[in-house]
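Reviewing the structure listed below.
In listed order, ligands and their atoms are each counted from 1. Owing to the predicted nature of the structure, the values given are computational and were not obtained by experimental measurement. Numbers here are sequence positions counted from 1.
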Amino acid sequence: MNKSAFNRYSDYIKKLYGERIQKITVDAGFTCPNRDGSKGTGGCIYCNNRSFAPGHGIPMTVKEQVLFHMTKVAQRYNVDKYLVYFQAYSNTYDTLERLRNLYEEALSVPGVIGLSIGTRADCVDQAKLDYLGELSKRYDITVEYGLESISNETLKLINRGHSYEEFCQAVEESHKRGIKTCAHVILGFPWEDKSLWIETAKELSRLKITFLKLHQLHIVKGTELARRYEEKPFKLFTQAEYLDMVIEFLEHLSPEMVIQRVVGEAHAQTLLAPNWNVRTHDFLEALEAEMKKRETYQGRLA
Ligand code: SF4
């Protein structure tokens, strides 16, 4: 098999388990401290308000959602092992007791081998991480931390409501307990530049983050960022510029880090800009081809 120019998640899973593992996304009805008033009410400036309509009902329990998606997925692919992805909002933002009930409800479904839990660095504490550390001894557990930028100035400008130092601490405390981590990073804030993004690759490598999800800055309708963009448009990456930037980013990244995502897709109805009309698979193939053409690879300059 031709080796990929970067460390793909699908290869990592195949190596670890010898077979395909399917992710199943659930919405357990969490909220976010940057929305409910404990940190703020406006949320991050790129976050879509409409997805935060108060009282958004979750019609199915976590177990029902897992079983529902399993049936659909099992018919399409030949899989019998699953990771449950707690994606919407901040999925550690509740009492430990409620978290325990929700996570164990998902893990109780036969075939579920682990969890991916999306959250913020300020929504974990020692007790929650101790619990997740214990779970990690029996299951495949990843905590996905939204970071978006290593610049505290940017974190203020985008109204994240936490600092880069809080992110570092949460990651270190997670690793101490054997929990895998994933960082979400956005490339393209107009006041940032290439040197900061290269520094980001180096910082994430220093922290030994397990998985990475990279995302171009895109502007979703109904957000504060969209309001500002419409008032005064600013420069966004073209698809070719972003491809170049991702290559440079990967060159400076540890070869150990596993890449879960390199580009974001948004629904055409909600996306304001940039309108690349690219599918993840096509972008991945273009990235692979361009890296091979340039005879470069993840970690070449790390
Ligand atoms: S992006 Fe995440 S942290 Fe920010 S407001 Fe939305 S849900 Fe909350």
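Among the backbone and side-chain atoms of C47, an N, O or S atom lies under 2.8 Å from atom 6 (Fe) of ligand 1. Taking backbone and side chain together, C44 holds no N, O or S atom under 2.8 Å from atom 8 (Fe) of ligand 1.
Residue R35 approaches ligand 1 through these ligand atoms, each under 4.0 Å from one of its heavy atoms: 5 (S). The atoms of ligand 1 that sit less than 4.0 Å from any heavy atom of R120 are 3 (S). Using a 4.0 Å cut-off to heavy atoms of G43, the atoms of ligand 1 that qualify are 5 (S).
For the pair R35 and Y89, the cation-pi criterion (under 6.0 Å, within 45° of the ring axis) is not fulfilled.
Aromatic ring pairs are classed by plane angle as parallel below 30°, tilted from 30° to 60° and perpendicular above 60°; the pair F283 and Y242 is tilted. Ring geometry, Y164 versus F167: the interplanar angle falls under 30°, so the pair is classed parallel (tilted spans 30 to 60°).
Clustering ILVMFWY residues whenever any of their side-chain heavy atoms sit less than 4.5 angstrom apart, transitively, puts F249 in a cluster other than the one holding Y9.
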*Take E165 and N152 through the test side chain to side chain donor-acceptor pair (under 3.5 Å) and record every step on the way to the result.*
CA-CA 9 Å; E165 289 70 27; N152 280 329; 2.9 Å; yes

